[in-house]
Amino acid sequence: MTQDEFWNHIQATRRKDPEVHAERLAHRLTKLPLEEILEFSYWWDIALAQAYRWDLWGAAFLINCGCSDDGFEYFRRWLVLQGRTVFETAVKDPDSLAQVIDPEEEMVECECYPAWDAWFAATKRERDEAGYNALMQALKAQNKKPPKSRPGRQWDFEDETQTRRRLPQLSALYLDRD
């Protein structure tokens, strides 16, 4: 599977609700050969690594009124589901999310694992220790590792001055509303 094919699968299943989108994506992936499901997982991990950046974490912190480690992972999963253009633009400029975010949404995240869901469905394995061990073995057998994250410089997300300087459009949406 190429990176373009990865993004095409995401675009083809696009829905406004990220949970529904992830379910549709997993269902679509289930129809692929197992090797392609695992390759999708590889590209998914690459995208998550690319989005592991302090400036994006700061945006997630602002958007979600705080953001733990797990919360940032779910935010990045949500971001991947937004599609290639939104994703790549946000990785370069997290403040661009002001153009796609609805500030009325309570949380912007998605705890989803579409490739894993597809793999379990396609292999008819149970989601137990043996099933997860088999999945990990299959992923390991690919012998592909996503690149290491390059998170950039850490900064204090609770420092409103820094936040306003780094994320002016998102700050206007979240810090300046009544």
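Quick caveat: nothing in here was measured; it's all calculated off a predicted structure.
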Between [X] and [Y], what is the shortest heavy-atom contact and its length?
| X | Y | answer |
| --- | --- | --- |
| Cys112 | Arg77 | O-NH1, 2.9 Å |
| Ala118 | Ala26 | CB-O, 3.4 Å |
| Ala59 | Leu97 | CB-CD1, 4.4 Å |
| Ala22 | Pro114 | O-CB, 4.0 Å |
| Leu167 | Pro94 | CD2-CB, 4.0 Å |
| Ala51 | Leu56 | O-CD1, 3.4 Å |

Output yes when [X] and [Y] qualify as a salt bridge under the 4.0 Å nitrogen-oxygen rule, no when they do not.
| X | Y | result |
| --- | --- | --- |
| Asp55 | Arg153 | no |
| Asp17 | Arg15 | no |
| Asp117 | Arg127 | yes |
| Glu160 | Arg164 | yes |

Calculate, to the nearest 0.5 Å, the distance between atoms [atom1] and [atom2] belonging to [X] and [Y] respectively.
| X | Y | atom1 | atom2 | result |
| --- | --- | --- | --- | --- |
| Phe75 | Phe61 | CZ | CZ | 13.0 Å |
| Thr89 | Asp95 | OG1 | CG | 12.5 Å |
| Lys140 | Lys145 | NZ | NZ | 8.5 Å |
| Cys67 | Glu73 | SG | CD | 10.5 Å |
| Arg14 | His21 | CZ | NE2 | 6.0 Å |
| Asp102 | Ile63 | CG | CD1 | 11.0 Å |

Give a yes or no on whether [X] atom [atom1] has more than 12 heavy-atom contacts from other residues, nucleotides or ligands under 6.0 Å away.
| X | atom1 | value |
| --- | --- | --- |
| Lys144 | NZ | yes |
| Glu105 | CD | yes |
| Glu126 | CD | no |

Open item on the list: Quiz question: by atom type and distance under 3.5 Å, do the side chains of Gln169 and Gln99 form a donor-acceptor pair?
Closed with: yes
Open item on the list: Is a donor from one side chain sitting under 3.5 angstrom from an acceptor on the other, for Arg76 and Gln50?
Closed with: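 No, Gln50 and Arg76 have no side-chain donor paired with an acceptor closer than 3.5 Å.
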Open item on the list: Testing Arg84, Gln11, Met1 one by one against Phe6 for a side-chain contact (heavy atoms from CB on, under 4.5 Å), which residue passes?
Closed with: Met1
Just wondering, do [Y] and [X] contact through their side chains at under 4.5 Å, heavy atoms?
| X | Y | answer |
| --- | --- | --- |
| Val108 | Leu79 | no |
| Leu81 | Leu25 | yes |
| Tyr74 | Cys110 | no |

[X] and [Y] aromatic centres sub-6.0 Å:
| X | Y | result |
| --- | --- | --- |
| Phe120 | Tyr132 | yes |
| Tyr113 | Trp44 | no |
| Trp43 | Phe40 | no |

- [ ] With sequence neighbours excluded, give me every side chain to side chain donor-acceptor pair (under 3.5 Å) pair touching residues 23-42.
- [x] His9-Arg28
Answer yes or no: is there a donor N or O on one side and an acceptor on the other, between the side chain of [X] and the main chain of [Y], under 3.5 Å?
| X | Y | value |
| --- | --- | --- |
| Gln162 | Trp155 | no |
| Arg53 | Pro151 | no |
| Asn64 | Gly66 | no |

- [ ] Classify the ring geometry between Trp54 and Phe157 as parallel (under 30°), tilted (30 to 60°) or perpendicular (over 60°).
- [x]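 If you compare the ring of Trp54 with that of Phe157, the planes turn out tilted.
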TODO: For Tyr52, check ring pair (Phe, Tyr, Trp, His ring centres under 6.0 Å) against everything at least two apart and list the hits.
DONE: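 Once residues adjacent in sequence are excluded, the partners of Tyr52 under the ring pair (Phe, Tyr, Trp, His ring centres under 6.0 Å) criterion are Trp57, Phe72.
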TODO: Just do the side-chain contact (heavy atoms from CB on, under 4.5 Å) check on Trp119 and Leu139 with the steps written out, would you?
DONE: CA-CA 11 Å; Trp119 186 87; Leu139 290 168; over 6 Å; no
TODO: Check the pair Trp116 / Leu38 against side-chain contact (heavy atoms from CB on, under 4.5 Å), numbers first and verdict last.
DONE: CA-CA 8 Å; Trp116 290 19; Leu38 296 172; over 6 Å; no
- [ ] Indicate, with yes or no, if Val20 and Val100 share a hydrophobic cluster defined by side-chain heavy-atom contacts under 4.5 Å among Ile, Leu, Val, Met, Phe, Trp and Tyr.
- [x] no
Open item on the list: I'd like to know if Leu62 and Met107 are part of one continuous hydrophobic network [Ile/Leu/Val/Met/Phe/Trp/Tyr, side-chain heavy atoms within less than 4.5 Å].
Closed with: no
Task: Pair Lys92-Glu88, salt bridge (charged side-chain N to carboxylate O under 4.0 Å, His left out): steps then yes or no - done: CA-CA 6 Å; Lys92 289 178 188 166; Glu88 289 178 349; 5.7 Å; no
